[in-house]
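A short write-up of the structure that comes next.
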Amino acid sequence: MELVILPEWFDRSAVTIAPELIGCTLVRQLPDGQQLRGIIVETEAYQEGDPACHAYRKQTKRNQVMFGDPGYVYVYLIYGMYHCVNVVTDKAGAPSAVLIRALELDRDTLVSIPRKPSEKPVKVAAGPGKLCRAMQIDLDLYGTKLDLGQALWLEHRSTDWQHKLDGGSIKLTQTTRIGLTQGVDLPWRWYVTDCHAVSKW
DNA sequence: GGTAGGATTACG
DNA sequence: GTAATCCTACCT
């Protein structure tokens, strides 16, 4: 299998893809060529018929990328100060996305990220806002294609990680989503069980 | 044209 | 508990 995840892989429902993205690697390539890498440990799915989905009502300038082809980046500003990054899923006309909520940062990436001395390294990318700050993701990446050589792309699970999942030493937990006022009962959040890098419990 | 509130986080 | 901070949706 190709290492880099191709756009066609995202042409499925968000609820199918969200748990499959756990264990995959998010790669951020900066303009200077430096790469920041982290393994996804927490995701949430948002799709049609879901009142919490930003595309639930109608197409707007903000959510329009969700209405388009899969495999593109949906970034939005929340609470005026934080960014959240999503992967657009499913075919054009079926607006949906997977929110990436937490990463286990690659060791080299970790040392390259500026942070307060008091801040525990593992908490740097725990939470969608902090994750975007650590990976330097902002609205400039809105509508970017997820592909090798772009600002952002995804890579499949390593065989080692997959074996750990198959063998039961890594487990996934499925539960309800966080921070919502609508659609609170939909169990569309997944994370690595007992992972210390997951945002909230 | 005005405004309430949000897929968050940090700090008291 | 609540401030920070801004874009969007949803009024009028």
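All chains are named by letter (A, B, ...) in the order of the sequence lines, taking the proteins before the strands, and each is independently numbered beginning at 1. Given the structure is predicted, the values throughout are model-derived calculations rather than measurements.
- Here A:G80 lies in heavy-atom contact (under 4.0 Å) with a base.
- The phosphate of B:dA7 has neither OP1 nor OP2 within less than 4.0 Å of any side-chain N or O from A:R189.
- For A:R62, no side-chain nitrogen or oxygen approaches OP1 or OP2 of B:dA7 to under 4.0 Å.
- Distances shown here put every side-chain N or O of A:R133 at or beyond 4.0 Å from the OP1 or OP2 atom of B:dT9.
- With 3.5 Å as the limit, one finds no donor-acceptor pair spanning the side chains of A:Q64 and A:Q59.
- Ring stacking is absent between A:Y76 and B:dA7, as the pair misses the limits of under 5.5 Å between centres and under 30 degrees between planes.
- The CZ atom of A:R101 sits 11 Å away from the P atom of B:dA7 (whole-angstrom rounding).
- Computed from coordinates, the A:L77 CG to B:dG5 C1' distance equals 13 Å when rounded to whole Å.
- When rounded to the nearest whole Å, the span between CE of A:M81 and P of B:dT8 equals 14 Å.
- Distance OH (A:Y82) to C1' (C:dC6): 14 Å, rounded to an integer number of Å.
- In this structure, A:R57 atom CZ and B:dA7 atom C1' are separated by 15 Å, rounded to whole Å.
- In this structure, A:Y79 places its OH atom 14 Å from P of B:dA10, rounding to the nearest Å.
- Applying the 4.0 Å criterion to OP1 and OP2 of B:dA10, one finds that A:K130 has a side-chain N or O inside that range.
- A residue-by-residue look at A:A126 and A:T181 shows that A:T181 has its nearest nucleotide of DNA chain B further toward the 5' end.
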Full working for side-chain contact (heavy atoms from CB on, under 4.5 Å) between A:L172 and A:L165: CA-CA 8 Å; A:L172 300 188; A:L165 182 67; 4.1 Å; yes
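- When the shell of 6.0 Å around CG of A:D185 is examined, it contains 12 or fewer heavy atoms from other residues, nucleotides or ligands.
- Remark: the backbone N or O of A:V41 is not paired with any side-chain donor or acceptor of A:E104 at under 3.5 angstrom.
- Atom P of nucleotide C:dA9 and atom CD1 of A:I78 are separated by 12 Å, given to the nearest angstrom.
- The distance from atom CD of A:E44 to atom P of B:dG6 is 15 Å, rounded to the nearest whole Å.
- Applying the 4.0 Å criterion to OP1 and OP2 of C:dA9, one finds that A:T60 has a side-chain N or O inside that range.
- Between the P atoms of B:dA4 and C:dA3, the separation comes to 15 Å (whole Å).
- The closest side-chain heavy-atom distance from A:P19 to A:Q174 is not below 4.5 Å.
- Nucleotide B:dA7: unpaired (no Watson-Crick or G-U wobble partner with both distances less than 3.5 Å).
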